[in-house]
Amino acid sequence: MAFGKGHHLHLIDGSAFIFRAYHALPPLTRKSDGLPIGAVSGFCNMLQRYVEGNAGGDVTHIAVIFDKGSHTFRNDMYDQYKANREAMPEDLRPQIPLTREATHAFNIACEEMEGYEADDIIATLAVQARNAGGRCTIISSDKDLMQLVGGGVEMFDAMKNNTIDVEGVEAKFGVGPDRVVDVQALAGDSVDNVPGAPGIGIKTAALLINEYGDLETLLDRAEEIKQPKRRQTLIDNRAQIELSKRLVQLDENTPLTFTLDDLEIRDPDPQKLLDFLTRMEFRTLTKRIADALKVEAPTIPDPAPAEDAPQIEAPDFDKSTYTQVGTAEELQTWIDKIYARGYVAVDTETTGLNEMTADLVGISLCVEAGEACYIPLIHKANRGDDLFGSDDLAEGQMPLDDALKMLTPVLEDPGILKIGQNMKYDAKIFAQIGITLAPFDDTMLMSYAMHAGLHGHGMDTLSERYLNHTPLPIKPLLGSGKSAITFDKVPLADAVPYAAEDADITLRLWQLFKPQLHRAQTTRVYETLERPLVPVLAQMERHGVKVDRDTLSRMSNAFAQKMGALEAEIHELAGRSFNVGSPKQLGEILFDEMGLEGGKKGKTGAYATGADVLEDLATEHDLPARVLDWRQLSKLKSTYTDALQDHINPDTGRVHTSYSITGASTGRLASTDPNLQNIPIRTEEGRRIREAFVAEEGKTLVALDYSQIELRLLAHIADIPELKQAFADGHDIHAMTASEMFNVPMDEMTSDVRRQAKAINFGVIYGISGFGLARNLRIPRAEAQGFIDRYFERFPGIRKYMDDTKSFAREHGFVQTLFGRKIHTPEIASKGPRAGFAARAAINAPIQGTAADVIRRAMIRMPDAIAGQPAKMLLQVHDELLFEVDQGAEDTLIDTARKVMEAASDPVVKLDVSLSVDAGTGSNWAEAH
DNA sequence: AATATCACG
DNA sequence: GACGTACGTGATATTT
């Protein structure tokens, strides 16, 4: 039956798929010969997912459309068309023909045409489909295709998972699809190098087109335009605008050599498809598709090890080879294997995620890829959902004490390397029962040292990316929500494969990463900045900080009262009651019901009601000001005075945070459960929460913080003599900047002027923009830009640093700290606003990252330095360390700790600026700071 | 599960 | 009046 009513054609923009796949994935190579295949892999995955997602839908016809060659009829019209395109990356070029092959392998129509862009073919097909009475969905978010939308044609952005219809086009261009080319002709397109009219963007263009109806009328009647500059632009550039229109206008009459009927959906030939995937050596995808096609997955042989890059031969994952260890004899054979080898991958299973309260349930070991065991210790005989089940232990387990007696010498043997994934967790679990795990390697930290900025470092991510293997999920074992059980209730038949596999994966990752670490020259970072931090953090976390429940509870009550009063007042002012905590309802009250000006809706259609918006409104009305007060109290109560109480450990009376070593790409730590790195300090009311963080009876809290560490490092890294001098002279750096920028003598400096200068100094660290500074300081943009210009004039080295850093990142895909830590910035190569984000992140990363390295070094040296003193390090807050020390021993501690912190960069990095540390003491954190 | 908001350096 | 814009985090409440 010929294509017509009831048929639905899907057209995939092939180039868009390829580029997205290329940029979304790390540079994967085919194992056997090193051929880059990352983009092909991503392309196949996206294709597969797309086909899967539409199975059972109404799609009847499908095709992937590609560009062919770089020369098209548009180049004949205008030789600069797409002339500013960057050359295709070297490792992508060989993958292009493979994506065509992939499309054929999936048995999906694959079309291209010399001299035409993919967009023209798509346009022609879409129009044909529409004229035949059918529907067409274009899978692309390319704005050049938006002119086709309407009358049964729509677009689908597979990345954002949303459909672009006529309304979507109107939201983007301000005109309907039929006038999109007119707007594009005027606005031009920097990506495709379409000139358009200088100084006119989409907003203005839409305005003009809507006023005059269409481009031709507008150009004919250009004389009538009131704004002189705009009028002149249109008159002067008429030819260029008309050329632009011809460039953006898609050719709906491409001479196709096929018809819509040739695009009818076809089942793939399993043999052909699997052949292709096998040839590409896509292990995971081959398996998945074989499963979907209900045929046996072909095996992909591992390549022979090459001379220079030793490959470890690893068998496929096979959970049937994992064993359960239940007797002393069995355990002894494993211990013998460990001693024979000198290393072992270890993983613990516990009753929870909180190491302070979780109990050890079992231990898994792995000595060789595929050879792993699980030693269950306290698994229950019955599942937890059996209310009347006894607490009897399951069969086949060694007594806990016997097992630990045998394993402890191994775990503590200095000659046996223990390999783990996130060893801080296991080390804390073992520390609870008096076992000191050492020495160890940690695959999570190895990945962090090599891949920071590229992806997360959890086991699932690493296994999928580097072993092509999806680990067994824990969810089906534990359940979720109310019916969730702890691991000791998991039947051993399920527990053994799950637990043993984790150890197996860890060992394989270690075998893969260990040699790479050396090749990537990140060993020093791993050995000096990551691994030694683990025992230090484990100690701090286990020690915890004392938090006074009564203080928090009293504050909660006081906040609740104030909030109640404010809420009544707010409802009064609004004229009705509503949920003050709902930004959606608040926005409707403010902008719809009360009619306040300046309501801006975000992409979800809700009004923005952030603090900046409310502060502006506060000059007009009392309600926004009350809401701001209410929000502050609400935040303090829910996040701090209420929630912190729940984190007080009943056994220790202290709060034990958990630091994530790999959470922040720059090298900073992150603190969770609870986050103790964002306890309020900036407002008086919030600062009082720190009064609840107290020293134990007879002890004192000591806080030491680096003074202006990031600016000092900026002075060194960007090599700014004036800044270095100011630090050497002990001048207030923000005041000095203010003095320079605002022409205010130092002795007449007001705190407000200094505050502005401080914003500029920090702005520089963040990759400043006139817009950002203007918004931060609430000053006109031109004025902010003026400040920045003067700043760069005064400190030209700063601009050079920013430019140099950006080009380094573009060339290498990463930036580095003074200590060699690499922070990858893959998005720097992307187009559009993402590149801007990436550039600013690249500017910030060496500074923030070096500061993070410095305090890490101080922390690593601290335990030895203060050994013998009655003092404990409790918390780290990026540039601050908090200690608890016996009363009377404060001065000695401050003396020691300050020396360690100030000398932390020695001897690896010789800084041109000194590091300075401020100290404070008190019975609570508010006083000590 | 996503979004908005706001706490910190 | 092209465009969108400080860097790095985590927790909570509301809404989908």
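Proteins get letters first, then strands, A, B, ... in listed order; numbering begins at 1 in each.
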**Asked** For A:F792, is the NZ or CZ atom of A:R790 found under 6.0 angstrom from the centre of its six-membered ring and inside 45 degrees of the ring axis?
**Response** no

**Item:** Check ion pair A:R775-A:D612 (N to O, under 4.0 angstrom)
**Value:** no

**Complete:** Here DNA chain C, pairs taken as Watson-Crick or G-U under 3.5 Å and shown with ( ), [ ] when crossing and | when to another strand, reads ......|||||||||.

**Asked** Should the pair A:Y766 and A:F762 be assigned to parallel (<30°), tilted (30 to 60°) or perpendicular (>60°) ring geometry?
**Response** parallel

**Fill in**
Sequence neighbours excluded, the answer for ring-ring contact (aromatic ring centres under 6.0 Å, His included) partners of A:F591 is A:Y607

**Message:** Need one value for A:G836: base, sugar-phosphate or nothing, where a base atom within 4.0 Å counts as base even if backbone is also close, heavy atoms only.
**Reply:** nothing

**Asked** Just checking A:N678: base, sugar-phosphate only, or nothing, at a heavy-atom cut-off of under 4.0 Å?
**Response** base

**Message:** With a 4.0 Å limit, can you tell me whether A:S671 has a side-chain N or O closer than that to the phosphate oxygens OP1/OP2 of C:dG10?
**Reply:** no

**Request:** Pick base, sugar-phosphate or nothing for A:A611, based on heavy-atom distances below 4.0 Å to the nucleic acid.
**Result:** sugar-phosphate

**Message:** On the six-membered ring of A:F559, is A:K637 placed so that its NZ or CZ lies under 6.0 angstrom from the centre and within 45° of the ring axis?
**Reply:** no

**Request:** Indicate, with a heavy-atom threshold strictly under 4.0 Å, whether A:E880 touches base, sugar-phosphate, or nothing.
**Result:** nothing

**Asked** Salt-bridged, A:R668 to A:E710, with N to O below 4.0 Å?
**Response** yes

**Message:** Please tell me if A:Q848 has a side-chain N or O lying less than 4.0 Å from either OP1 or OP2 of C:dT9.
**Reply:** no

**Request:** Within residues 635-645 of chain A, find the residues that approach DNA chain C with a heavy atom at under 4.0 Å, and present them sorted by residue number.
**Result:** A:K635, A:S638, A:T639, A:A643

**Item:** Residue list, salt bridge (Lys or Arg N to Asp or Glu O under 4.0 Å) with A:K562, at least two apart or on another chain
**Value:** A:E685

**Message:** From CG of A:N761 over to C1' of B:dG9, roughly how many Å is that when rounded to an integer?
**Reply:** 16 Å

**Request:** Summarise how protein sits on nucleotides 1-6 of chain C as a single string, 5' to 3': B when a protein heavy atom is under 4.0 Å from the base, S for sugar-phosphate-only contact, - for no contact.
**Result:** -SSBBB

**Item:** Aromatic centroids of A:F787 and A:Y791 separated by under 6.0 Å
**Value:** no

**Sub-4.5 Å side-chain heavy-atom contact between A:V248 and A:D192** = no

**Item:** A:R682 vs B:dG9: side-chain N/O to OP1/OP2 distance below 4.0 Å
**Value:** yes

**Message:** Could you tell me how far C:dT5 sits from B:dT3 if I compare only their P atoms? Round to whole Å.
**Reply:** 15 Å

**Nearest-Å distance once atom P is located in both B:dC8 and C:dC3** = 35 Å

**Request:** Answer yes if the side chains of A:Q708 and A:D879 hold a donor-acceptor pair under 3.5 Å, and no otherwise.
**Result:** no

**Item:** salt bridge (Lys or Arg N to Asp or Glu O under 4.0 Å) involving A:D804 - partner list, sequence neighbours excluded
**Value:** A:K800

**Minimum-distance nucleotide to A:Q632 side chain [options: B:dA7, C:dC7, C:dG10]** = B:dA7

**Item:** Between P of B:dC6 and CH2 of A:W630, the distance in whole Å
**Value:** 11 Å

**Asked** So what does A:G196 touch, heavy atoms closer than 4.0 Å: a base, only the sugar-phosphate, or nothing?
**Response** nothing

